[in-house]
> 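My questions all concern the structure below.
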Amino acid sequence: QVQLVESGGGLVQAGGSLSVSCAASGPTFSSRFMAWFRQAPGKEREFVAAIRWRGGNTYYDDSVKGRFTISRDSTKNSVYLQMNSLKPEDTAVYYCAADTGGLILSAIRTSVAYAYWGQGTQVTVSS
């Protein structure tokens, strides 16, 4: 069973930066993709960014492209999300997710495609 533990987040003013981290642990880590999703109050969970574990290819939602950067450290089984130029609409609980190893590219933006989830970390951007 893969476990994901997030850290980071917090409160920042609009225009500022924050980063969140996610460490994966378990008997065998073989995910093909890791991703970040977010969920604001009263809204559905939405895709933010994903990274292919082998190769490091990155994918972003248009709303964060150019402002957020997803990266990974395979030696630590960790994925990171650097968030710059934050806006109040970025306020949400951010969740790390990992698949079981068979996820295809066309499905990476779909939350139900991921089997493993972290507990979430709050990011609040004040105006």
> Output the distance between atom SG (Cys22) and atom CD (Glu6), rounded to the nearest 0.5 Å.
5.5 Å

> OG of Ser21 to CG of Leu4: how many Å apart, nearest 0.5 Å?
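So the gap between those two atoms works out to 12.5 Å.
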
> With the side chain counted from C-beta on, respond yes when Ser31 and Tyr114 share a heavy-atom pair under 4.5 Å apart, and no when they do not.
no

> Considering non-hydrogen atoms only, spot the tightest contact between Val2 and Ala24 and give its length.
CG1-CB, 4.4 Å

> Hey, quick one: are Tyr116 and Phe33 part of the same hydrophobic cluster, counting side-chain heavy atoms closer than 4.5 Å, chains of contacts allowed?
no

> Check this for me: does any side-chain nitrogen of one of Asp90 and Lys87 sit under 4.0 Å from a carboxylate oxygen of the other?
no

> Between Tyr60 and Arg67, is a side-chain contact (heavy atoms from CB on, under 4.5 Å) present by the stated rule, with each step listed?
CA-CA 10 Å; Tyr60 297 93; Arg67 300 188 297 123; over 6 Å; no

> Is there a side-chain contact between Met83 and Val20 (heavy atoms, below 4.5 Å)?
yes

> Check whether Ile108 and Ile51 end up in the same hydrophobic cluster, where Ile, Leu, Val, Met, Phe, Trp and Tyr are linked by side-chain heavy atoms less than 4.5 Å apart.
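Result: no, two separate clusters.
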
> Where is the tightest heavy-atom contact between Ala98 and Met34, given as atom of each residue plus distance?
CB-CG, 4.0 Å

> Distance check, rounded to the nearest 0.5 Å: Ser74 atom OG versus Arg54 atom CZ?
10.5 Å

> Does Asp99 reach the main-chain N or O of Arg32 with its side chain, forming a donor-acceptor pair under 3.5 Å?
yes

> Enter the distance from Gln1:CD to Ser25:OG here, rounded to the nearest 0.5 Å.
10.0 Å

> Work out which heavy atom in Pro88 is nearest to a heavy atom in Ala14; give both atom names and the distance.
CD-CB, 4.1 Å

> Is there a side-chain contact between Arg52 and Leu105 in this structure, where contact means two heavy atoms from C-beta onward sitting under 4.5 Å apart?
yes

> If you compare all heavy atoms of Thr100 against all heavy atoms of Ser30, which two are closest, and at what distance to 0.1 Å?
O-OG, 3.8 Å

> Without swapping roles, check the side chain of Thr58 against the backbone of Ile70 for a donor-acceptor pair under 3.5 Å.
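Pair absent, no side-chain N/O of Thr58 close to backbone of Ile70.
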
> Closer than 3.5 angstrom, by distance alone: can the side chain of Glu46 be matched with the main-chain N or O of Arg38 as a donor-acceptor pair?
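No: the side chain of Glu46 does not pair with the backbone of Arg38.
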
> At their closest point, which heavy atom of Ser71 faces which heavy atom of Val79, and how far apart are they?
O-CG2, 3.1 Å

> Does Tyr59 share a hydrophobic cluster with Trp53, counting links as ILVMFWY side-chain heavy atoms below 4.5 Å and allowing steps through other members?
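Looking at the clustering, Trp53 is in a separate group from Tyr59.
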
> Taking the side chain as C-beta and beyond, is there a heavy-atom pair between Trp117 and Arg45 under 4.5 Å?
yes

> Step by step, work out the side-chain contact (heavy atoms from CB on, under 4.5 Å) result for Val125 and Val12.
CA-CA 5 Å; Val125 185; Val12 68; 4.1 Å; yes

> Hey, what's the ring geometry for Phe68 with Tyr94, parallel, tilted or perpendicular (30° and 60° as the breaks)?
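The arrangement is tilted - the two ring planes meet at 30° to 60°.
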
> Are Leu81 and Phe37 connected in the hydrophobic side-chain network, where two residues link if heavy atoms are under 4.5 Å apart?
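Different clusters.
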
> Using the rule that two of Ile, Leu, Val, Met, Phe, Trp, Tyr join whenever any of their side-chain heavy atoms come within less than 4.5 Å, decide whether Tyr80 and Tyr95 are in one cluster.
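No, no single cluster joins them.
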
> Heavy-atom count check: over 12 atoms from other residues, nucleotides or ligands less than 6.0 Å from Gln122 CD?
yes

> Could you tell me the separation between the CD atom of Glu89 and the OG atom of Ser127, rounded to the nearest 0.5 Å?
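Between atom CD of Glu89 and atom OG of Ser127 there are 10.0 Å.
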
